[in-house]
Amino acid sequence: AQSVTQPDIHITVSEGASLELRCNYSYGATPYLFWYVQSPGQGLQLLLKYFSGDTLVQGIKGFEAEFKRSQSSFNLRKPSVHWSDAAEYFCAVGRDDKIIFGKGTRLHILP
Amino acid sequence: NAGVTQTPKFQVLKTGQSMTLQCAQDMNHEYMSWYRQDPGMGLRLIHYSVGAGITDQGEVPNGYNVSRSTTEDFPLRLLSAAPSQTSVYFCASSYSRGNHEQYFGPGTRLTVT
């Protein structure tokens, strides 16, 4: 069955430090891949997506993600985090009309 | 464009009551879906629709019904509410079944006592 794993429930980084959030998926074929962000009490906003082509994709707010087929991974990165990046981040995979989300990683920022 | 709208924002139900969560989009999107969000569980797909008149089940469909009589609206019905259905419900839409770039509504917080 299709599944998405975000191994880190919580991550804490200092403001200005780099960030990497991990996402692994299990699916027979390469699915569509997404990262969404949810600020407290808000809905979800798309950060970036991968359908095909260049495996390094750029998103909004300075985020990027790299698709690695051999590792079934789609990790999210940002070179320097800001306090406003504190939120919950969800990886999602889409295939066959269904989009399945991981359980999320909550990002905390230390001043 | 209003995007994806959901009503109500908050609702409290007693066990056994029924209700309908409303979802509408004004972007002429073919694909619409419902998710529930629970702490530590992420978002789980309840039902989805690839177009008017077509619906299908997601990961957690039990206790919920949907219909899609128009492109714009995709209501979610709780037939007999249970405390396990206490959750935040999100509706989402995307341009087409192959696109999958979803736009989310603001959510409905439902409490079942």
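Throughout, protein chains are lettered first and strands after them, A, B, ... in sequence-line order, and every chain is numbered starting at 1.
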_So for B:Gln57, is it side chain, backbone, both, or neither that comes closer than 4.5 Å to the heavy atoms of chain A?_
backbone
*Do A:Leu46 and A:Val4 belong together in a cluster built from hydrophobic side chains that touch within less than 4.5 Å?*
no
*State plainly whether one hydrophobic cluster holds both B:Val60 and B:Val66, where clusters connect Ile, Leu, Val, Met, Phe, Trp and Tyr through side-chain heavy atoms under 4.5 angstrom apart.*
yes
*For the atom pair CZ (A:Phe90) and OH (B:Tyr35), what is the distance rounded to the nearest 0.5 Å?*
12.0 Å
*Are A:Val13 and A:Leu76 joined in one hydrophobic group, where the rule is that I, L, V, M, F, W and Y side chains link up if heavy atoms are under 4.5 Å apart?*
yes
*Does atom NZ of A:Lys103 have more than 12 heavy-atom neighbours from other groups under 6.0 Å away?*
no
*Co-members of B:Leu79 in a cluster of I, L, V, M, F, W and Y side chains, linked at under 4.5 Å*: none
_pair B:Tyr48-A:Lys98: side-chain heavy atoms closer than 4.5 Å_ = yes
*Answer with side chain, backbone, both or neither: which region of A:Leu44 has an atom nearer than 4.5 Å to a non-hydrogen atom of chain B?*
both
*asked:* Within the 4.5 Å heavy-atom criterion, are B:Leu43 and A:Ile99 side-chain neighbours or not?
replied: no
*Counting only N and O atoms by type, is there a donor-acceptor contact under 3.5 Å from the side chain of B:Tyr31 to the main-chain atoms of A:Asp97?*
yes
*In Å, rounded to the nearest 0.5 Å, how long is the span from CD of B:Gln102 to NZ of A:Lys49?*
12.0 Å
_Does any part of the side chain of A:Gln38, heavy atoms only, come nearer than 4.5 Å to the side chain of B:Gln37, both counted from C-beta?_
yes
*asked:* Are A:Trp35 and A:Phe67 linked, directly or through intermediate hydrophobic residues, by side-chain heavy-atom contacts shorter than 4.5 Å (ILVMFWY only)?
replied: yes
_Non-hydrogen contacts under 4.5 angstrom with chain A: give the residues of residues 103-113 of chain B involved, or none if there are none._
B:Phe104, B:Gly105
*Is A:Phe63 reachable from A:Phe34 through a run of I, L, V, M, F, W or Y residues, each pair having side-chain heavy atoms under 4.5 Å apart?*
no
